[in-house]
Amino acid sequence: MTDSSKVVVRVPATSANLGPGFDTLGLALSLYDEVEASLFEPSEDPASLGVVIEIEGEGAGELDLGEGHLIVRTMRVTFDEMGVPQPRGIRLRCLNRIPHARGLGSSSAAICAGILAARALAGASYPASSGGRPLVRPEFTDDDVFALATEIEGHPDNVAPCLAGGLTIAWTDQSDVPHMVKLIPHADIRPVAIIPRNRLSTEVARGLLPKDVPHVDASANAGRAALLIAALTGRPEAKLLLAATEDRLHQNYRAPAMPRTADLIERLRGIGVPTVVSGAGPTILAFSTADTQDLIAPEVGTDWHIQPLDVETRGACVVSPETR
């Protein structure tokens with residue numbers, strides 16, 4: 001196996017929605033999964049495909065260790081999308097730090113990792129499957145990566161910040177082509193993830209949303225989302241962030257599936273801490289400021305894991321295996 005047939009991809013956690021920016025806003029966070037991906041030739045059965053997966057951290061002992069693993073599935077879709085032959089053997093070593101089913105973008109991180117790994121490996125040499133000739137890597141741009149990640153995930157609000165880093169505004173045009181704008185939040189923004197032990201699937205949370213919402217609520221969210229961009233990028237004041245993170249489109253509808261999350265958000269907002277449901281929940285994302293940083297822990301107690309984070313500004317990247 002050559003050095004070109006092994007890559008390490010680092011992907012950040014993300015928080016989508018950020019309150020009023022439903023299915024649009026996302027923030028990359030300084031909590032990372034790392035995936036070492038390599039290619040090999042199965043020796044026991046020349047006609048078979050082979051997958052070998054090692055998992056450390058989140059999902060160890062739970063996740064599929066074969067072709068059903070999300071990263072493997074994503075890699076195979078990417079190889080097909082790029083028009084290169086499928087490798088007969090894929091080996092993954094996953095160091096998972098992003099909590100699963102908590103609203104911190106673990107599935108988006110896996111999808112982005114799979115696409116970037118496949119793209120990086122597309123020029124590797126396959127001794128048997130390609131007759132010993134190196135595969136020619138076709139042009140597969142960052143826009144192509146974003147489009148494929150959005151297609152697999154279903155919507156762009158998590159994959160956009162995972163790939164680009166920072167604060168992203170994502171949308172799809174009338175042709176269902178995804179787009180994004182990346183912004184860098186003010187240096188004083190201090191995200192804090194408040195993570196419960198329990199999990200909640202995105203499908204369950206999304207299933208609680210109504211098909212229609214009152215016009216007054218849609219109007220209120222549009223104004224709050226615009227205000228939130230101003231607060232995150234220019235005026236990170238607690239009072240402004242508190243007003244800007246108000247939501248009427250999804251959090252209240254999802255509250256029955258995560259009553260402890262809803263209760264804690266109400267209590268924290270009641271003492272002036274800007275808080276939102278992270279993604280589909282049940283994790284809470286707080287925007288800590290000098291005025292509010294000492295208020296969080298006493299209100300949260302010991303049933304939750306409080307994790308101060310930074311905004312990850314670079315996004316997903318391929319790194320050298322030696323520097324992992």
Side-chain angles (χ1 to χ4, degrees), residues 13-22 24-31 99 102-105 161 167 185-200 205 208 213 216-217 219-312:
T14 53
S15 182
N17 302 325
L18 307 182
F22 180 65
T24 300
L25 298 183
L27 189 68
L29 304 170
S30 61
L31 180 65
R102 303 293 210 292
L104 288 170
L167 169 67
H186 193 283
D188 289 343
I189 293 295
R190 291 290 181 268
V192 177
I194 306 171
I195 307 170
R197 294 187 181 92
N198 62 294
R199 300 177 178 182
L200 177 65
L208 294 172
V213 296
V216 65
D217 290 343
S219 176
N221 263 54
R224 294 302 194 279
L227 181 61
L228 182 57
I229 297 298
L232 290 176
T233 59
R235 292 181 57 189
E237 304 164 8
K239 289 184 178 180
L240 192 61
L241 284 165
L242 188 65
T245 50
E246 181 184 348
D247 165 72
R248 299 187 189 180
L249 289 187
H250 65 103
Q251 293 187 166
N252 287 340
Y253 295 109
R254 290 169 163 171
M258 42 184 161
R260 295 179 66 247
T261 292
D263 175 69
L264 182 54
I265 286 178
E266 183 177 2
R267 287 189 282 115
L268 286 169
R269 292 184 66 85
I271 58 175
V273 181
T275 51
V276 297
V277 175
S278 181
T283 292
I284 295 168
L285 189 72
F287 292 106
S288 175
T289 64
D291 297 335
T292 63
Q293 61 184 0
D294 295 330
L295 301 177
I296 296 176
E299 196 69 35
V300 171
T302 59
D303 290 339
W304 305 67
H305 174 58
I306 301 175
Q307 185 152 3
L309 298 165
D310 293 320
V311 176
E312 159 58 44

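All values below were derived from every heavy atom in this structure, side-chain atoms included, with hydrogens, water molecules and symmetry-related copies excluded.
The heavy-atom pair separating Pro282 from Pro196 by the smallest distance is CG-CG, 3.5 Å. What you find for Ala255 and Ala262 is that their closest heavy atoms are CB-CB, 3.7 Å. Summarising the geometry of Gln251 relative to Gly19, their closest heavy-atom pair is OE1-CA, 3.9 Å, with the distance given to 0.1 Å. Residues Arg254 and Gly279 approach most closely at NH1-O, 3.7 Å, considering heavy atoms. Taking each heavy atom of Asn198 and Arg260 in turn, the nearest pair found is OD1-NH1, 4.0 Å. When all heavy atoms of Ala28 and Pro161 are compared, the closest pair comes out as CB-O, 3.4 Å.
Across Leu228, Val273, Leu285, a single residue satisfies side-chain contact (heavy atoms from CB on, under 4.5 Å) together with Thr245, and that is Leu228.
Ser15 and Ser278 form a side-chain donor-acceptor contact under 3.5 Å, judged by distance and modelled atom types alone.
Rounded to the nearest 0.5 angstrom, Leu232 CG and Asp188 CG are separated by 12.0 Å. Once rounded to the nearest 0.5 Å, the distance linking OG1 of Thr14 with CG of Leu25 reads 12.5 Å. The NZ atom of Lys239 sits 11.5 Å away from atom OG1 of Thr289, with the distance rounded to the nearest 0.5 Å. Here the CD1-OG1 distance, from Ile284 to Thr275, works out to 6.5 Å after rounding to the nearest 0.5 Å. Rounded to the nearest 0.5 angstrom, Leu167 CG and Leu18 CG are separated by 6.5 Å. The distance from atom OG1 of Thr261 to atom CG of Leu200, rounded to the nearest 0.5 Å, is 8.0 Å.
Looking only at side-chain heavy atoms (C-beta outward), Thr292 and Leu268 stay at 4.5 Å or farther from each other. The shortest distance between side-chain heavy atoms of Arg190 and Gln293 does not fall below 4.5 Å. Two residues are said to be in side-chain contact when any heavy atoms from C-beta on lie closer than 4.5 Å; Val276 and Asp247 fail this criterion. Residues Leu240 and Pro274 are not in side-chain contact: their nearest non-hydrogen atoms beyond the backbone lie 4.5 Å or more apart. Counting heavy atoms from C-beta outward, Glu246 and Asn221 have side chains that stay 4.5 Å or more apart. Using a 4.5 Å cut-off on side-chain heavy atoms (C-beta onward), Val311 and Ser30 make no contact.
The environment of CZ in Arg235 is sparse: at most 12 heavy-atom neighbours from other residues, nucleotides or ligands sit within 6.0 Å.
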Table please: side-chain donor-acceptor pairs of residues 299-310 below 3.5 Å, with sequence neighbours left out.
residue : atom : partner : partner atom : Å
Glu299  : OE2  : Arg267  : NH1          : 2.9
His305  : NE2  : Gln307  : OE1          : 3.2

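Using modelled atom types, no side-chain atom of Arg102 and backbone atom of Ile195 make a donor-acceptor pair closer than 3.5 Å. A distance-only check finds no donor-acceptor pair linking the side chain of Arg248 to the backbone of Pro20 [under 3.5 Å].
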Please assess Glu237 against Asp291 for the test side-chain contact (heavy atoms from CB on, under 4.5 Å), listing each intermediate value before the final yes or no. CA-CA 9 Å; Glu237 304 164 8; Asp291 297 335; over 6 Å; no
